[in-house]
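Report on one structure; see the data block that follows.
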Amino acid sequence: MRRAAGGIHKRCKGMLASQVRCPAGLQQRRGCGVAVPSKPGAATARISALPLPMLAPAMRQRSIKLAASAAGAASSGGADDKKDLPVPAGEAAAADAPVQYSADFIRRRLLVFIGIVIGYSSYYLTRNSLTYTAPVMVADASLHMDITQIGAMTSIFPIAYGMSKFVSGVLGAKFSPSVLLAGGLMATAAVNIAFGFGTSLAWFCFFWALNGTLQGVGGPCCARILTTWFASKERGTYWGMWNIAHNLGGFAAPLVAGGFAKAMGWKWGMWAPGIIGLVVGAFVLLVCRDKPEDIGYPPVEPTDKDKGKGKAEKPKADIWGSLLNSVLKNPFIWGMALTYFFIYVVRQGVTSWFVFYLIKEKGIEDAAQAAVRVSGLELGGLVGSLIAGRLSDALIRNSNGKGGNVGKRVTVVMWYTVGIAAALLSFQALPSAVPAAIQWFNVFMIGFFLYGPQMLIGLCGAELVGPDSVGASEGFLGWIAYLGAANAGIPLSIIVKEYGWNAYFSTLVGACAIALLLLSPMTKLRSYVQREAAKAERLAKGQ
């Protein structure tokens, strides 16, 4: 330290002797390694006016301070051993500049992403197991079951599931999402296994209602993990890719549950998905983490904690306070929820009634042929949700920080909703004699446009609120959405019975129109991160 101070002392004396001005603005000089003055000021004039005997002690003290600050900076830089995650393109990059990720972080994040995709796909596997096991149960004479009893079981499930999604989203904010995701999956897997040991209707109804209660844990947990591991400008793409878990699980359920039930009996139609769920749940628990900070990486986006370092932390609101202030008092969350309601009326109306429509109105001979023609719905949904996510991300990137990020995603939802209405009217207008391939492609396009809004509305709801309220927001949206799905059952059946299939299609198109009206005031909405950044900027200007 003394040698460093002496060296700086000699250099500063030489600079003063040659009338180089030192104190006011600081710049990094080669060979010195510490900051030295770059701009003249009043302090320079005062030092120059001092007698030479007084300069030496003053400069000695100055040099010691500079050396100490240099040593402190070096030690603090070396002490900060946090893993390097987002690296701005320049040292003074703007807040919205593109970030670069270390290879280590990308690998670790990919593992987390694979965990939540496979995990949520397995939720769908244990959710749909009864659908493909039920025909074998009815055929088993020892159970004395009929379709009415199967209907009683399946009617309990959506009621339990909708409520559970809301409650778990609210209460889950206080627990680890990765642990809840894995624990919920293993619990619903255990319920599937227990279901297979039953012989009475009461047993089956109890465990299937319990399964619905546990199923609601999955979605809100995945939403919380996605919002902490992926930044706004890339989140739509990854949210869309995660959304294919619905399609993967829906594709695997008939193969696993239906295949095992047919080959080894109905009990294995429930046991096989349960065993797979237990194994996948253990994998999710092993690989998933709540956020990058849990394993030593910085957050992908600035958080309130980062901005408020050195300041007194605000007390956190309790669970119900967070629900009330961030979700229920937010008019835009209500707008998203009501939009979700009508989108789910259309979605459930399509999946529940298209096979009947083809048989009754288009003259398709049996349910198997009709099912083939509507099989493109899930595939179209997979493609549509992926493109919707990437398209909304592209709009955000190309905006250069102008406008609201959520509003950009809402714009894509509106485009897609117009596409839903057009595809529905096209499907209605197709003549009965049209080739099956054309009908299949039309259904593919309905799925393409339908699943994009389903995915993006959930993402918009997550981005409108703070990190602590994401689960509550997703739970509330999911609850309202399933109320919409419930209204696509008996109400639509009455419409078809009393007024015919033209009224059915008019109802679905009308639901699209109402969704567009609800979305129209939200095309400039800013995300929570944007609002917090603007607030911090205003405070900085005020100071």
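Hydrogens, waters and symmetry mates play no part in the numbers below; they use all other heavy atoms, side chains included.
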Approximate separation, where rounding is to 0.5 Å, of Thr228 OG1 and Arg289 CZ: 12.5 Å

His246 and Tyr451 aromatic centres sub-6.0 Å: no

Aromatic ring proximity, centroids under 6.0 angstrom, Tyr340 and Trp479: no

Cation-pi, Tyr297 ring and Arg108 (6.0 angstrom, 45 degrees): no

Donor-acceptor contact present, side-chain Ser164 to main-chain Thr213, <3.5 Å: yes

Backbone N/O of Ile438 and side chain of Asn442: donor-acceptor pair under 3.5 Å: no

Within-4.5 Å side-chain heavy-atom neighbours: Ile343 and Thr417: yes

Cys288 and Val284, any side-chain heavy atoms less than 4.5 Å apart: yes

Parallel, tilted or perpendicular: rings of Phe427 and Phe505 (30°, 60°): tilted

4.5 Å side-chain heavy-atom contact, Val287 and Val112: no

Side-chain H-bond candidate by donor/acceptor type, Tyr528 with Arg531, under 3.5 Å: no

Separation of Met455 CE from Leu386 CG (nearest 0.5 Å): 7.5 Å

Any side-chain heavy-atom pair of Arg127 and Tyr161 under 4.5 Å: yes

From CD1 (Ile244) to CG (Leu379), nearest 0.5 Å: 11.5 Å

Side chain proximity check, Val406 to Phe332, heavy atoms < 4.5 angstrom: no

CG on Leu377 to OG1 on Thr351, rounded to 0.5 Å: 7.0 Å

Tyr238 and Trp242 aromatic centres sub-6.0 Å: no

Between Glu532 and Ser527, a side-chain donor and acceptor under 3.5 Å: no

Sub-6.0 Å ring centroid separation between Trp334 and Phe341: no

Arg390 bridged to Asp393 by N-O distance under 4.0 Å: no

Residues forming a side-chain hydrogen bond (donor to acceptor under 3.5 Å, both in side chains) with Arg235, sequence neighbours excluded: Glu301, Glu463

Pair Gln215, Tyr124: side-chain N/O donor-acceptor within cut-off below 3.5 Å: no

Under 3.5 Å side-chain donor-acceptor pair for Thr126 and Asn192: no

Short side-chain to backbone donor-acceptor contact, Thr523 and Leu519, under 3.5 Å: no

Close side-chain approach of Asn128 to Pro273, heavy-atom, < 4.5 Å: no

Verdict with reasoning, Asp290 to Arg224, per side-chain contact (heavy atoms from CB on, under 4.5 Å): CA-CA 8 Å; Asp290 299 349; Arg224 289 171 61 194; 5.8 Å; no

Atom pair CG (Leu459) and CG (Leu477), whose distance is rounded to the nearest 0.5 Å: 11.0 Å

CA sep, side-chain torsions, deciding dist, call: Tyr101, Glu234, side chain to side chain donor-acceptor pair (under 3.5 Å): CA-CA 12 Å; Tyr101 297 118; Glu234 59 187 349; 2.7 Å; yes

